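What follows is a single structure, written as structure tokens, with notes after it.
Here, residue 1 is the first one in the sequence, and each next residue gets the next number. Model, not experiment: these values are computed from the prediction. All ligand and atom numbering here is 1-based and tracks the order in the structure.
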Amino acid sequence: MRRANCPSMIQPARRCDMKTKDIPEDATFDEYNNAAGGWGSVKALGSILQQEHVIASGTRILMHQNKPEGFACVSCSWAKPADPHLFEFCENGAKATAWEITRKRATAAFFAQHTVTEMEAWNDLELESSGRVTEPMKYDAASDRYLPVSWSEAFDDIAAQLRAMDPKKVVFYASGRASLETSYLYQLMARMYGTNNLPDSSNMCHESTSVALPQTIGVPVGTVTLDDFGQTDCILFFGHNTGTNAPRMLHPLEEVRKRGVPVITFNPLRERGLERFVNPQSPKEMVTPAHTDISTQYLQIKIGGDSAAAIGMAKRILERDDKARQEGLPRLLDLAFIEEHTSGFEQFADAVRAAPWDELERHAGVSRAELELAADTYAGAGRAMLMYGMGVTQHREAVRTIHMLTNLLLMRGNIGKPGAGICPIRGHSNVQGQRTVGITEKPELVPNDKLRALYHFEPPMEKGLNTVEACEKIRDGELSAFFMLGGNFVRAIPDHGVMEAAWRKLPLTVQVVTHFNRSCVIHGQTSYVLPCLGRIEIDRQRGGEQAVSVEDSTGCMHGSRGRAEPASPHLLSEPAIVAELAKRLLPFNPQVDWDGWVGDYARIRDAIEATYPDIFRDFNARMWNPGGFARPLAARERQWKTPNGRANFMTPDGFDPDPDMPGDAPEVLRLMTTRGDSQFNTTVYSLDDRFRGVWGTRRVLLMNLRDLQQHGLAAGDFVCAETVSADGVERRVPHLRVEPFDIPVGCVMGYFPELNRLIPLFHHARGSKVPAAKSVPIRLIPELREPSLS
Ligand SMILES: Nc1nc2c(c(=O)[nH]1)N[C@H]1C(S)=C(S)[C@@H](COP(=O)(O)OP(=O)(O)OC[C@H]3O[C@@H](n4cnc5c(=O)[nH]c(N)nc54)[C@H](O)[C@@H]3O)O[C@H]1N2
Ligand SMILES: Nc1nc2c(c(=O)[nH]1)N[C@H]1C(S)=C(S)[C@@H](COP(=O)(O)OP(=O)(O)OC[C@H]3O[C@@H](n4cnc5c(=O)[nH]c(N)nc54)[C@H](O)[C@@H]3O)O[C@H]1N2
Ligand SMILES: [Mo]
């Protein structure tokens, strides 16, 4: 591309003296013209099985994925149908499986070869490519290496250190992968120890949902189940990259589309999976050029434009409804529903009527005509569902946006009837379930009476720390220990520059993991890495082979039985790790039979049922129901567990999606940090992002051609990205290649976690404290090229 010489060109605030070097030059960019799924998926599946050396075993194991008596996929949390396909897994689920059952091993010999300082220079892919950790390890400062340690020594020391600490200064984090059984034991241990410091990955993910929905419809989770797909007349789809992050959902979407049902998508990027899909399981589609068009209307809104888009649609519906009323025609609003079930409608409607169209268009980044068309399609549908992902939840005003999306549904009575509802698409395979069984920092969400009665202890009633609050305390040197049940916390959180430095000062860090990752490299003063069985592995305990259970995005609980031989004979299961620590940490309590629980997980499920009888009735029997069993959800029955007992319309208190974004500075761009096709969160399988045509690099910023030209940049140039913030902290990521992309003007896309250094810790959602990873104000500083590279 030629360097444009544009008169209105933005002059960089200052030049960067940084020179671009050490950049692998094998990165390529193209336009991906194929559909999602199809032969591209089959090819990708073959290469990951080969990469992890598990072609034969992987293929055998995959046949059990998401099947009755098989294992629940460790990748996304999408629903598992009662009548699974022959291959009830997607390309990315298969990648996650291959990664877990890999033949690569990070043994004691591996750790003897590499100092931790040396591994600090490794990227996420290089770190986790070391394979499965095979035995417990402890950091040794003298040799700067992780050395093997026995399980009992590790548990004794961790317990002794924790006992000497103030429980309020200890955090028990969980990533959303651990089973219901592990999660229940984990929260119980933390509470008996004396803390509600139980943040989980949901604090970086759908906590905006867990805050917003109880206020509007009185439930913390979505109301849609798989059955609703068969009965819906319209789907509104906000801020989710389905082809990559929940590909199995493309099957019900495909079925919906085959019935001619409209799907209206709101996303700054034209995500391939939401445009075209070839079902790899359909022989006909695989051998013909056939594909299914998923979206019938695609609104390429600006980053953060969702509230304005929803209000614009609501405005159109009100305008048409007002007219219908005057003319005595059928109304667009579901007046009976609004009257009988809701509160706050008039105030909401007044605010929407008063919202100026030009403001809405400016914030949404799409035209009034586009919003009106979307509204008309929606209003023409009897039953509609609304789905959304991180494009909605990871914003400063995410809670307000979810309120606005819910308003849109309530206007037409689209909650609590078949084929209708709201569907937050959760991330981790059991992130919703962990919250259900008590992993939360909010004591009011816990059945404390039940815990008291069952275990004869006084649960702590003081609010615990969520993810951002825990980070603030670590930054300020106020915490003593951080225990991680899964996850790669240090890498997943914002503000790497500030947080990595602070993390090293923590007296104790403990990580229960399958793979060595950056949070093991950036460690506390005493640091343990405790390797556990993965969910795909056979879990043998005293009472025989054990099964676990998870809750999917649609509130259905499923059993899961591991099928692969464990990666090492020295691994412990997650319930065993929690129980062994709890036994040493807590005073003896005859009400709590840690050993009995670990010997037979069915007894943990009995305890879960005793604690949550409404949700988990007949748990042990029903967990094997085909399709799982659904938790009761009041909103589905049009019962509203809100403070006022009604479904609540929420009045918008503004349209601006991001108070941190300087409105009058044209050089400031709005950055979304998002996932590529070859990663599961911070686990990076390869450097490619097939659907976006990015190959061989993750150090890239994709931007509108006009922005490139305005910045005097050409495709392939390198820049340093710098956060615009007033707190005086310099946040920069150098050596990023810029490429033109189909994205609205002013918006930029880049990858998580490489760009997390740019997100200030204070830049989080009002109300839910989810880091606002999708709207970071940045400016670009051009880099000089090394003569050899130019
Ligand atoms: N293969 C794979 N599967 C996964 C994961 C993974 O890493 N890999 N991670 C799991 C987890 S924990 C989670 S939380 C989910 C995440 O799944 P997603 O919710 O899809 O998360 P992201 O990959 O961050 O993609 C965000 C999407 O929102 C869009 N977007 C960004 N900003 C906006 C905005 O302002 N408005 C709108 N309307 N759209 C916007 C982006 O273009 C992108 O399509 O996936 C889960 N499944
Ligand atoms: N900028 C930006 N930041 C983000 C996001 C974003 O979109 N943008 N998304 C946020 C979201 S939604 C999330 S959920 C977080 C998640 O971010 P992460 O913490 O990265 O998520 P995980 O996939 O849980 O963590 C990966 C690690 O889990 C360990 N692991 C894998 N399987 C198991 C197991 O069975 N048991 C145990 N104990 N450990 C296991 C492996 O060692 C692996 O290194 O990142 C958040 N951070
Ligand atoms: Mo997530």
Side-chain angles (χ1 to χ4, degrees), residues 74-78 90-93 95-96 99-100 124 127-128 132-133 173-179 182 200-206 237-242 244-247 265-271 273-274 299 301-306 309 388-395 401 425-429 431 467 484-494 511-520 530-537 574 577 657 670 672-683 685 743 747 749-756 758-759 770-771 773-776:
V74 296
S75 189
C76 82
S77 56
W78 185 241
C90 67
E91 167 191 341
N92 283 340
K95 285 182 196 161
W99 202 254
E100 182 167 314
D124 301 294
L127 283 170
E128 285 211 29
R132 293 287 299 276
V133 181
Y173 171 80
S175 102
R177 196 179 283 212
S179 64
T182 309
D200 81 348
S201 58
S202 166
N203 287 139
M204 299 185 251
C205 193
H206 264 291
F237 213 105
F238 287 82
H240 186 262
N241 181 11
T242 312
T244 288
N245 294 328
T265 297
F266 302 77
N267 197 312
L269 304 180
R270 300 194 70 90
E271 300 288 23
L274 295 169
L299 290 98
I301 56 171
K302 267 200 327 217
I303 295 177
D306 305 80
Y388 65 92
M390 295 299 101
V392 166
T393 62
Q394 294 177 332
H395 278 286
T401 303
I425 306 161
R426 300 272 167 172
H428 265 296
S429 49
V431 66
T467 288
M484 286 158 275
L485 182 68
N488 182 6
F489 189 80
V490 183
R491 197 71 180 140
I493 56 176
Q511 255 193 298
V512 180
V513 292
T514 52
H515 292 71
F516 195 72
N517 61 35
R518 182 127 184 120
S519 307
C520 313
L530 306 181
C532 64
L533 287 175
R535 193 188 300 148
I536 303 170
E537 289 169 321
E574 290 178 318
I577 291 173
R670 207 179 272 253
M672 67 157 97
T673 56
T674 185
R675 294 157 178 78
D677 180 50
S678 292
Q679 73 186 96
F680 190 85
N681 299 332
T682 60
T683 297
Y685 308 124
I743 185 171
C747 303
M749 191 226 102
Y751 292 108
F752 142 62
E754 287 79 355
L755 299 179
N756 281 33
L758 296 174
I759 309 174
V770 170
K774 295 297 185 272
S775 177
V776 187

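- The atoms of ligand 2 that sit less than 4.0 Å from any heavy atom of Gly486 are 37 (C), 38 (N), 39 (N).
- Comparing Arg177, Arg491, Met672 against atom 35 (O) of ligand 2, the shortest heavy-atom distance belongs to Arg177.
- Using a 4.0 Å cut-off between charged side-chain N and carboxylate O, Arg177 and Glu574 make no salt bridge.
- Nearest to atom 37 (C) of ligand 2 by heavy-atom distance, out of Gln394, Arg675, Glu574, is Glu574.
- Residues Asn245 and Asn92 form no side-chain contact, since every pair of their non-hydrogen atoms from C-beta on lies 4.5 Å or further apart.
- In terms of protein heavy atoms, atom 21 (O) of ligand 2 is closest to Asn681 ND2, 3.4 Å.
- Contacts of Thr393 classified as side-chain hydrogen bond (donor to acceptor under 3.5 Å, both in side chains), with partners at least two apart in sequence or in another chain: none.
- Considering Gly239, Gly305, Gly391 only, the shortest heavy-atom separation from atom 34 (C) of ligand 1 involves Gly391.
- In this structure, CZ on Arg518 lies 11.5 Å from OG1 on Thr682, to the nearest 0.5 angstrom.
- Of all atoms in ligand 2, listed by their number and element, those nearer than 4.0 Å to a heavy atom of Val513 are 39 (N), 42 (O).
- Contact annotation for Val392 and ligand 1: no heavy atom of the residue comes within less than 4.0 Å of the ligand.
- Under the 4.5 Å side-chain criterion, counting only non-hydrogen atoms from C-beta, Met672 is not in contact with Cys747.
- In this structure, atom 28 (O) of ligand 2 lies nearest to the protein heavy atom Gly487 N, 3.3 Å.
- Relative to atom 40 (C) of ligand 2, the option among Leu127, Thr673, Thr514 with the closest non-hydrogen atom is Thr514.
- Contact of the Glu271 side chain with the Thr242 side chain is not registered, since no non-hydrogen atoms from C-beta on lie closer than 4.5 Å.
- Heavy atoms of Asn245 found under 4.0 angstrom from ligand 1 belong to the backbone as well as the side chain.
- Near Met390, meaning under 4.0 Å from any of its heavy atoms, are these atoms of ligand 2: 12 (S).
- Considering backbone and side-chain atoms together, Thr674 places an N or O closer than 3.5 Å to an N or O of ligand 1.
- With rounding to the nearest 0.5 Å, the separation of OG1 in Thr673 from OH in Tyr751 is 12.0 Å.
- Listed by number with element, the atoms of ligand 2 under 4.0 Å from a non-hydrogen atom of Ile759 are 1 (N).
- The shortest distance between side-chain heavy atoms of Cys205 and Arg426 does not fall below 4.5 Å.
- Contacts with ligand 2 closer than 4.0 Å are made by heavy atoms of both the backbone and the side chain of Ala492.
- For ligand 2 and Asn517, the ligand atoms under 4.0 Å from any heavy atom of the residue are 27 (C), 42 (O), 43 (C), 44 (O).
- Heavy atoms of Thr682 found under 4.0 angstrom from ligand 2 belong to the backbone as well as the side chain.
- Counting heavy atoms from C-beta outward, Phe489 and Ser201 have side chains that stay 4.5 Å or more apart.
- Residue contacts with ligand 2: Tyr173 is placed with no nitrogen or oxygen under 3.5 Å of a nitrogen or oxygen of the ligand (distance criterion only).
- Protein heavy atom nearest atom 13 (C) of ligand 1, with residue, atom name and distance: Gly427 CA, 3.2 Å.
- The distance from ligand 2 to the heavy atoms of His515 drops below 4.0 Å at these ligand atoms: 41 (C), 42 (O), 44 (O).
- The protein heavy atom nearest to atom 19 (O) of ligand 2 is Asn488 N, 2.8 Å.
- Within the set Tyr388, Trp78, Phe680, the minimum heavy-atom distance to atom 4 (C) of ligand 1 is found for Phe680.
- Ligand 2 has a nitrogen or oxygen under 3.5 angstrom from a nitrogen or oxygen of Lys774.
- At least one heavy atom of Cys205 sits closer than 4.0 Å to an atom of ligand 1.
- Of the protein's non-hydrogen atoms, Asn267 OD1, 2.7 Å is the one closest to atom 42 (O) of ligand 1.
- In the model, Gln679 has no side-chain atom that pairs as donor or acceptor with a side-chain atom of Asp124 under 3.5 Å.
- Ligand 1 has a nitrogen or oxygen under 3.5 angstrom from a nitrogen or oxygen of Gln679.
- In terms of protein heavy atoms, atom 14 (S) of ligand 2 is closest to Ser201 CB, 3.7 Å.
- Applying the 4.0 Å criterion to heavy atoms of Ser175 picks out, from ligand 2, the atoms 24 (O).
- Using bins of under 30°, 30° to 60° and over 60° for the plane-to-plane angle, the ring pair Trp99/His515 lands in the parallel bin.
- If you check which protein heavy atom lies closest to atom 44 (O) of ligand 1, you get Glu271 OE2, 2.5 Å.
- Geometrically, ligand 1 and Cys76 share no nitrogen or oxygen pair separated by less than 3.5 Å.
- For the pair Gln511/Tyr173, no side-chain contact is recorded, criterion being any heavy-atom separation below 4.5 Å from C-beta on.
- Residue, atom and distance of the protein heavy atom nearest to atom 43 (C) of ligand 2 are Glu128 OE2, 3.4 Å.
- Of the heavy atoms in Met204, both backbone and side-chain atoms come closer than 4.0 Å to ligand 2.
- Remark: ligand 2 and His428 share an N or O pair separated by less than 3.5 Å (distance only, no angle test).
- One finds the CZ atom of Phe752 at 7.5 Å from the CE atom of Met204 (value rounded to the nearest 0.5 Å).
- Scanning all protein heavy atoms for the shortest distance to atom 36 (N) of ligand 1 gives Asp306 OD1, 2.7 Å.
- For the residues Thr683, Val133, Ile493, the heavy atom positioned nearest atom 26 (C) of ligand 2 is part of Thr683.
- Pro494 is linked by a side-chain contact (heavy atoms from CB on, under 4.5 Å) to Ile759, Leu761, Pro771, counting only residues two or more places apart in sequence or in another chain.
- For a threshold of 3.5 Å applied to N or O pairs, the pair formed by Ala773 and ligand 2 contains no separation below that value.
- The contact set between ligand 1 and Gly389, taken as ligand atoms under 4.0 Å from a residue heavy atom, comprises 19 (O).
- Per-residue contacts place Cys532 under 4.0 angstrom from the following atoms of ligand 2 (heavy atoms of the residue considered): 36 (N), 37 (C), 38 (N).
- The shortest contact between atom 1 (N) of ligand 1 and any protein heavy atom is with Thr244 O, 3.0 Å.
- Ligand 2 is never approached by Pro753 to a heavy-atom distance shorter than 4.0 Å.
- In this structure, the separation between CZ on Phe266 and CG on Leu299 is 5.0 Å, given to the nearest 0.5 Å.
- Within the structure, ligand 1 lacks Arg426 among the residues with a heavy atom less than 4.0 angstrom away.
- Among the atoms of Gly304, some N or O lies under 3.5 angstrom from an N or O of ligand 1.
- Not a single heavy atom of Met484 sits less than 4.0 Å from an atom of ligand 2.
- Between Leu127 and Asn517, the closest side-chain pair of non-hydrogen atoms is not below 4.5 Å.
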